[in-house]
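Just below is one structure, and these are the notes that go with it.
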Number of protein chains: 2
Amino acid sequence: MGRGDLEGTVSPSGRDELARKFVEWRSLVLDASRCPVRDVLDRVGDKWTTLIVMALAGGPQRFGALTRAAPDISKRMLTQTLRNLERDGLVARTVYPTKPPSVDYRLTALGGAMLEPLAALIRWAEQSHPAIVAARRRFDEGPAEESAA
Amino acid sequence: MGRGDLEGTVSPSGRDELARKFVEWRSLVLDASRCPVRDVLDRVGDKWTTLIVMALAGGPQRFGALTRAAPDISKRMLTQTLRNLERDGLVARTVYPTKPPSVDYRLTALGGAMLEPLAALIRWAEQSHPAIVAARRRFDEGPAEESAA
DNA sequence: CAGCATCCAGTATGATACTG
DNA sequence: CAGTATCATACTGGATGCTG
């Protein structure tokens with residue numbers, strides 16, 4: 001079956017690992033309908049989490065500083081995102097009973113551990129973006145006449 | 001300033017990189033309101049993309065096989081997810097004009113390159129999940145009485 | 001088998017105004 | 001300053017039925 005061959009140019013290491021992971025993963029999905037990976041990845045997926053984590057990578061930040069760091073986030077969403085991160089133990093919230101009150105947020109050790117894999121993904125995203133944009137234009141313009149001989 | 005110190009236990013390498021990245025990133029967000037990273041990460045974020053990519057990590061799959069691989073995905077969402085991946089050049093779609101028709105999907109080189117960073121993130125998610133679950137329980141039960149002395 | 005069109009519900013997000 | 005409450009809305013994703 002010549003149609004089933006894998007291209008050899010793709011790094012096989014990550015591929016193999018993922019393939020195995022997927023098998024475990026799938027059974028978890030079937031069992032619990034809420035596997036660990038999805039549980040955590042859903043957070044990464046939502047609109048603001050990664051942005052906030054990145055903003056906190058440089059050190060503790062106050063609420064207002066975070067607002068300025070991501071000007072297009074609403075207070076509502078910022079609060080909610082921070083609450084989720086705090087709930088998950090990725091971010092620590094500290095209230096200083098000054099007047100007016102000030103609060104700062106910092107990554108916990110658990111949250112800090114996310115930075116490396118996140119950086120890897122972001123590095124990939126940056127590198128691939130031109131190719132992706134090009135692919136999109138090709139897809140949107142060309143009628144996409146592909147089929148097997 | 002006891003409140004401003006960073007904990008030393010967190011890996012500083014990823015932290016530094018992310019902090020720098022964030023600065024560049026933010027300016028892009030401000031400029032274009034649609035930076036490369038967000039553009040790509042939004043895809044990772046949606047419900048099915050990572051699952052499908054993982055399912056394809058092991059090699060080309062037919063549409064029906066993918067349906068079985070992720071039993072809780074609807075045909076509608078599977079099609080849509082695959083179209084997006086195809087549009088972005090991460091997945092190649094091949095039609096075999098048999099009867100009934102069969103179609104298979106495989107990762108392109110571009111798509112395959114995503115596997116490594118994705119694997120890193122998933123590894124982190126798996127490792128951290130117990131701690132996250134514990135943190136959630138603590139957060140949900142305890143009244144969370146934290147404040148600075 | 002693979003895929004599209006339509007309809008519909010739930011959720012995610014934003015805008016705005018109010019509070020300690 | 002750092003939120004909370006409420007409302008409005010857009011988008012996501014699921015169910016179903018039809019087509020080639």
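A note on names: the letters A, B, ... follow the listed sequences, proteins ahead of strands, and every chain is numbered from 1.
- With sequence neighbours left out, A:Thr49 forms a side chain to side chain donor-acceptor pair (under 3.5 Å) with A:Asp46.
- B:Arg106 and B:Asp104 are joined by a salt bridge, as a carboxylate oxygen and a charged side-chain nitrogen come within less than 4.0 angstrom of each other.
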*So what does the secondary structure string of DNA chain D come out as, 5' to 3', with Watson-Crick or wobble pairs under 3.5 angstrom, [ ] for crossing and | for pairs with another strand?*
||||||||||||||||||||
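- Checking A:Ile52, A:Leu90, A:Leu56 one by one against A:Leu107, the side-chain contact (heavy atoms from CB on, under 4.5 Å) holds for a single residue, A:Leu56.
- For B:Arg38 and A:Trp48, the positive end sits near the middle of the six-membered ring, less than 6.0 Å away and at most 45° from its axis.
- Between atom CG of residue B:Leu121 and atom CE of residue B:Met114 there is a gap of 12.0 Å, rounded to the nearest 0.5 Å.
- Across every non-hydrogen atom of A:Arg138 and A:Ala131, the tightest pair is NH2-O, 4.5 Å.
- Just one of B:Thr94, B:Leu82, B:Val95, B:Thr98 meets the side-chain contact (heavy atoms from CB on, under 4.5 Å) condition when paired with B:Val103; it is B:Val95.
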Atom pairs under 3.5 Å: protein N/O with N/O of nucleotides 1-3 of chain C:
residue, atom, partner, partner atom, Å
C:dC1, O3', B:Arg62, NH2, 2.9
C:dA2, OP1, B:Arg62, NE, 2.8
C:dA2, OP1, B:Arg62, NH2, 3.0
C:dA2, OP2, B:Gly64, N, 2.5
C:dG3, OP1, B:Arg93, NE, 2.9
C:dG3, OP1, B:Arg93, NH2, 2.7
C:dG3, OP1, B:Tyr105, OH, 3.0
C:dG3, OP2, B:Tyr105, OH, 2.9
C:dG3, O6, B:Lys75, NZ, 2.6

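- Contact between B:Leu110 and A:Trp124 at its shortest, heavy atoms only, is O-NE1, 3.9 Å.
- For DNA chain D, the outermost nucleotides in 5' to 3' order that have an atom under 4.0 Å from a heavy atom of chain A are D:dC1 to D:dT6.
- Here CZ of B:Phe139 is found 8.5 Å from CG of A:Asn84. Values are rounded to the nearest 0.5 Å.
- The salt bridge (charged side-chain N to carboxylate O under 4.0 Å, His left out) search around A:Arg136 returns B:Asp39, B:Asp88, not counting sequence neighbours.
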Please produce a list of atom pairs where a protein N or O lies less than 3.5 Å from an N or O of nucleotides 12-15 of chain C.
residue, atom, partner, partner atom, Å
C:dT13, OP1, A:Lys47, N, 3.2
C:dT13, O4, A:Arg76, NH2, 3.0
C:dG14, OP1, A:Lys47, NZ, 3.0
C:dG14, OP2, A:Trp48, NE1, 3.2
C:dG14, N7, A:Arg76, NE, 3.2
C:dG14, O6, A:Arg76, NE, 2.9
C:dG14, O6, A:Arg76, NH2, 3.4

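- Considering every non-hydrogen atom in both A:Gln61 and A:Ala55, the closest pair reads CG-O, 3.8 Å.
- Contact check for A:Ile73 versus A:Lys47: no side-chain heavy atoms found under the 4.5 Å cut-off.
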